[in-house]
Peer 1: 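Right, I'll just put the structure down here and ask away after.
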Amino acid sequence: MENKSRLYLVSFGNSRKYKVESADGSYSRVNEVREEVEDFLKKTFPSDGGLKFYKEPHVEDVPIDERAEYADYPELDEAAVKEIEETLCTEVRNFNDQEMLDRNAPFNEVAPEY
C-alpha cells in the first residue's frame, strides 16, 4: 500500500519556508493559505494588479528520507500566515518604492521623442 503522507515546504515571495504535513498528500492547506494571502494583498494593495510573485506559493515536496532535516521548520499555521503577510507587505512596498524611484530617475526616458 502506498503511503500518501507528504511533507511540503511552502513560501510566498521571499518569506521564510514553512512546513505543511498532509496525511492524504493534498494541497488543501496550501490552497487555503494562498487564498488568505491573495485576499490580504488585494485589500492592502487594491490598485496593484501585478502581485503574482507574492501571492503564488512556492511549494517543495520533501522526499520521505529527508523529512528529519526539516523537523525544526515552523508549521504553516495562523501565526505563520500573519508573518507571511507582514513580510509580503514590506516586499511589495519596497518594490513599489523602487519602481517609483526608477520612474523619477533623470534618464528615465532612454529615447525621448523630439
Side-chain angles (χ1 to χ4, degrees):
M1 180 168 204
E2 181 183 345
N3 181 4
K4 292 185 179 183
S5 175
R6 295 267 197 249
L7 176 66
Y8 301 112
L9 297 181
V10 180
S11 64
F12 289 81
N14 292 315
S15 75
R16 66 191 295 192
K17 295 180 181 180
Y18 298 90
K19 66 181 177 182
V20 176
E21 295 187 51
S22 174
D24 62 358
S26 73
Y27 276 64
S28 60
R29 178 65 182 143
V30 175
N31 288 331
E32 289 171 10
V33 173
R34 182 190 56 75
E35 289 174 6
E36 285 182 54
V37 167
E38 186 172 355
D39 289 344
F40 169 79
L41 290 173
K42 282 181 183 177
K43 289 176 187 170
T44 309
F45 303 100
S47 63
D48 205 337
L51 300 173
K52 184 175 182 178
F53 173 73
Y54 301 105
K55 62 185 174 187
E56 289 298 320
H58 177 73
V59 182
E60 298 174 45
D61 191 359
V62 178
I64 292 174
D65 58 332
E66 295 178 15
R67 288 185 181 186
E69 295 176 33
Y70 301 98
D72 293 336
Y73 275 57
E75 295 282 338
L76 187 60
D77 56 12
E78 286 306 312
V81 172
K82 294 300 176 202
E83 190 175 297
I84 289 168
E85 290 172 349
E86 290 173 11
T87 300
L88 294 181
C89 196
T90 301
E91 286 184 24
V92 171
R93 284 191 177 119
N94 287 345
F95 179 79
N96 289 340
D97 288 348
Q98 186 61 50
E99 274 196 332
M100 182 60 72
L101 286 172
D102 290 347
R103 280 194 295 268
N104 290 332
F107 301 104
N108 186 31
E109 292 187 33
V110 177
E113 295 180 17
Y114 295 98

Peer 1: Is it the case that atom CG in N94 sees more than 12 heavy atoms from other parts of the structure closer than 6.0 Å?
Peer 2: yes

Peer 1: Any ring-ring contact (aromatic ring centres under 6.0 Å, His included) involving residues 69-89? Give me the pairs, sequence neighbours left out, ordered by first then second residue.
Peer 2: Y70-Y73

Peer 1: Would a distance-only check, ignoring hydrogens and angles, find a side-chain to backbone donor-acceptor pair under 3.5 Å from S15 to S11?
Peer 2: no

Peer 1: Hydrophobic clustering (ILVMFWY, side-chain heavy atoms < 4.5 Å, transitive) - are V30 and F40 grouped together?
Peer 2: yes

Peer 1: Check side-chain hydrogen bond (donor to acceptor under 3.5 Å, both in side chains) between E32 and all other residues, then give those that pass, not counting sequence neighbours.
Peer 2: R29

Peer 1: Find out if a path of hydrophobic residues (ILVMFWY) with successive side-chain heavy-atom gaps under 4.5 Å connects Y27 to F12.
Peer 2: yes

Peer 1: How far apart are the C-alpha atoms of E36 and E78, what are their side-chain angles, what is the distance that settles it, and do they pass the side chain to side chain contact (heavy atoms under 4.5 Å, CB included) test?
Peer 2: CA-CA 10 Å; E36 285 182 54; E78 286 306 312; 3.4 Å; yes

Peer 1: The criterion is side chain to side chain contact (heavy atoms under 4.5 Å, CB included); which residues satisfy it with F45, sequence neighbours excluded?
Peer 2: L41, D48, L51, C89, V92, R93, N96

Peer 1: With side chains defined as the heavy atoms from C-beta onward, is the minimum distance between E56 and R34 less than 4.5 Å?
Peer 2: yes

Peer 1: Please enumerate all residues that pass salt bridge (charged side-chain N to carboxylate O under 4.0 Å, His left out) together with E75, with sequence neighbours excluded.
Peer 2: K19

Peer 1: For P63, what residues pass the side chain to side chain contact (heavy atoms under 4.5 Å, CB included) criterion, not counting sequence neighbours?
Peer 2: D65, E66

Peer 1: Not counting sequence neighbours, which residues clear side chain to side chain contact (heavy atoms under 4.5 Å, CB included) with S22? List them please.
Peer 2: Y8, D24, S26

Peer 1: Going by side-chain hydrogen bond (donor to acceptor under 3.5 Å, both in side chains), name the residues that satisfy it together with Y54, two or more places apart in sequence or in a different chain.
Peer 2: none

Peer 1: If the condition is ring-ring contact (aromatic ring centres under 6.0 Å, His included), which residues does F95 pass it with, not counting sequence neighbours?
Peer 2: none

Peer 1: Not counting sequence neighbours, which residues clear salt bridge (charged side-chain N to carboxylate O under 4.0 Å, His left out) with E83? List them please.
Peer 2: R16

Peer 1: Which residues pass the side chain to side chain contact (heavy atoms under 4.5 Å, CB included) test with E60, not counting sequence neighbours?
Peer 2: L9, K17, H58

Peer 1: Is it possible for you to say whether V37 and F53 belong to one hydrophobic cluster, with membership spreading through side-chain heavy-atom contacts below 4.5 Å?
Peer 2: yes

Peer 1: Hey, any chance V20 and V62 share a hydrophobic cluster, counting ILVMFWY side chains that come within less than 4.5 Å of each other, even indirectly?
Peer 2: no

Peer 1: Taking the side chain as everything from C-beta on, heavy atoms only, tell me whether L76 gets closer than 4.5 Å to I84.
Peer 2: yes

Peer 1: According to side-chain hydrogen bond (donor to acceptor under 3.5 Å, both in side chains), who are the partners of K82, at least two apart in sequence or on a separate chain?
Peer 2: none

Peer 1: Which heavy-atom pair separates P57 from V10 by the least distance, and what is that distance?
Peer 2: CB-CG1, 4.0 Å

